[in-house]
Amino acid sequence: MVLEHAPSWQAVLAAEFNAPYMQDLKAFLRQEKDQQKKIYPHSADWFHALETTPLDEVKVVILGQDPYHQPGQAHGLCFSVKPGVKVPPSLVNIYKELESDLGVTPVKHGYLESWAKQGVLLLNAVLTVEDSNANAHQGKGWEQFTDKVIETINERCEHVVFMLWGSYAQKKGSVIDLQRHLVLKAPHPSPLSAHRGFLGCRHFSQANDYLVQHGKSPINWQLPDTVS
């Protein structure tokens, strides 16, 4: 495991890959593969969020918990699915909020790559999962690594918007310096909790207003109609 396609991150996270917790995580993942267990996303996509959004380009951070655990869904960006896959329920609610907040037209796919390329770091707390077994890789070391990612953004970047949806993300984001960054909190967009305050939170317009106030270009949240 190495961030060969994410040089800006590799420069600050290289030491993590030699840390004991990471050695344990590597051993666990090797063992899972030796037992012929299917792991999502594909190993080439484990660090896709960091590869697509360089450290010096991070404007917004959206924190997820766990990759999707059904075949063909996960590709390393939280809430995002590969082209051709049905839009998951939480993302349907994210699209609803975008439409009511900014008039953004919902698209028929759930591929969020264009957000990531504009500086939206779509980071899951845990970067792998076993097929059909949600949260199977929790507590194996990924959380420590992604805590380091958040810490790095907190210390090295200025005026980043953190969108923390649900208690898990809010706890994970508790280290963020509120003087330097904007933290937006709401319930999780899942159908179980979205009606408790995610719908109507207006996080997307608030994020863009904050970015513009600090001399940054806003995010174009409108996804392309079609993806290849």
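All residue numbers refer to positions in the sequence shown, counting from 1.
Residue S167 holds its OG atom at 8.5 Å from NZ of K171, rounded to the nearest 0.5 Å. The CG atom of L121 sits 9.0 Å away from atom CG of L77, with the distance rounded to the nearest 0.5 Å. To the nearest 0.5 angstrom, D131 atom CG is 10.5 Å from I39 atom CD1. The OG1 atom of T53 sits 10.0 Å away from the NZ atom of K117 when rounded to the nearest 0.5 Å. Atoms NE2 and CZ, from H203 and F198 in turn, are 7.5 Å apart once rounded to the nearest 0.5 Å. Here the straight-line distance linking atom CZ of F17 with atom CG of L25 works out to 9.5 Å at 0.5 Å rounding.
Closest of all the heavy-atom pairs between A136 and E130 is CB-CB, 3.8 Å. Here the closest heavy-atom approach between residue Y68 and residue P88 is recorded as OH-CG, 3.4 Å. Heavy-atom minimum distance, A6 versus L50: CB-O, 3.8 Å. The shortest heavy-atom contact between V12 and S8 is CG2-O, 3.9 Å. Closest non-hydrogen pair, Q170 versus A186, comes out as NE2-O, 3.0 Å. Between L55 and R156, the shortest heavy-atom contact is CD2-CD, 4.1 Å.
More than 12 heavy atoms of other residues, nucleotides or ligands lie within 6.0 Å of CZ in R180, so this atom counts as buried by the packing criterion. No more than 12 heavy atoms of other residues, nucleotides or ligands sit less than 6.0 Å from atom NE2 of H42.
In this structure, the side chain of E97 engages the main chain of R202 through a donor-acceptor pair within 3.5 Å. Judged purely by atom type and a 3.5 angstrom limit, S193 uses its side chain to pair as donor or acceptor with the backbone of H188. Without hydrogens or angle criteria, H214 side chain to Y210 main chain gives a donor-acceptor distance under 3.5 Å. The main-chain N or O of S205 is found under 3.5 Å from a side-chain atom of D101 such that the two form a donor-acceptor pair. N93 contributes a side-chain N or O that, together with a main-chain N or O of P189, makes up a donor-acceptor pair within less than 3.5 Å. Looking at T52, its side chain never comes within 3.5 Å of a backbone N or O of A49 through a donor-acceptor pair. When atom types are taken as modelled, the side chain of H109 and the backbone of P224 share a donor-acceptor pair closer than 3.5 angstrom. Here the side chain of E16 pairs no donor or acceptor atom with the backbone of Q10 at under 3.5 angstrom.
Criterion: ILVMFWY side-chain heavy atoms under 4.5 Å apart, direct or through other members. Under it, V104 and L223 are part of a common hydrophobic cluster. In terms of hydrophobic clustering, with Ile, Leu, Val, Met, Phe, Trp and Tyr side chains grouped at heavy-atom distances under 4.5 Å, V227 and W115 are assigned to different clusters. Hydrophobic clustering keeps L122 apart from V183 (ILVMFWY residues linked when any side-chain heavy atoms are closer than 4.5 Å, directly or through intermediates). Linking Ile, Leu, Val, Met, Phe, Trp and Tyr residues whenever their side-chain heavy atoms come within less than 4.5 Å places F47 and I150 in a single cluster.
Taking the six-membered ring where the residue is Trp, the centroids of Y21 and F145 are separated by 6.0 Å or more. Checked against the 6.0 Å centroid criterion, the rings of F79 and W165 qualify as a close aromatic pair.
Residues W221 and V120 have side chains in contact (heavy-atom distance under 4.5 Å, counting atoms from C-beta outward). Using a 4.5 Å heavy-atom cutoff, the side chains of Q222 and V107 are in contact. Proximity of C201 to M163: side-chain heavy atoms (C-beta onward) are nowhere separated by under 4.5 Å. The shortest distance between side-chain heavy atoms of Y111 and V85 does not fall below 4.5 Å. Looking at K26 and Q23, their side chains come closer than 4.5 Å, going by heavy atoms from C-beta outward. L91 is listed as a side-chain neighbour of L112, based on a closest heavy-atom distance under 4.5 Å. With contacts defined as side-chain heavy-atom distances shorter than 4.5 Å, the pair E113/S80 does not qualify. Side chains of V87 and V81 form no contact here, defined as non-hydrogen atoms less than 4.5 Å apart.
Listed by chain and number, the residues in a ring pair (Phe, Tyr, Trp, His ring centres under 6.0 Å) with Y95 amount to none (sequence neighbours excluded). Annotation: ring pair (Phe, Tyr, Trp, His ring centres under 6.0 Å) contacts of H181 (sequence neighbours excluded): F162. Every side-chain hydrogen bond (donor to acceptor under 3.5 Å, both in side chains) that T128 has, sequence neighbours left out, goes to H137, W142.
I176 pairs in a side-chain contact (heavy atoms from CB on, under 4.5 Å) with only one of the listed residues (L182, V160, N154), which is N154.
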Intermediate values then yes/no, side-chain contact (heavy atoms from CB on, under 4.5 Å), I219 and V161: CA-CA 11 Å; I219 304 298; V161 182; over 6 Å; no

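Among residue pairs with one or both ends in residues 142-154, those qualifying as salt bridge (Lys or Arg N to Asp or Glu O under 4.0 Å) are D147-K172, K148-E151; sequence neighbours excluded.
Members clustered with Y40: V129, by chain and number, using a 4.5 Å side-chain heavy-atom cutoff among hydrophobic residues.
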All N/O donor-acceptor pairs, side-chain side in residues 56-67, below 3.5 Å, sequence neighbours left out:
| from | atom 1 | to | atom 2 | distance (Å) |
| --- | --- | --- | --- | --- |
| K59 | NZ | S217 | O | 2.8 |
| K59 | NZ | S217 | OG | 2.6 |
| D66 | OD2 | N135 | N | 2.7 |

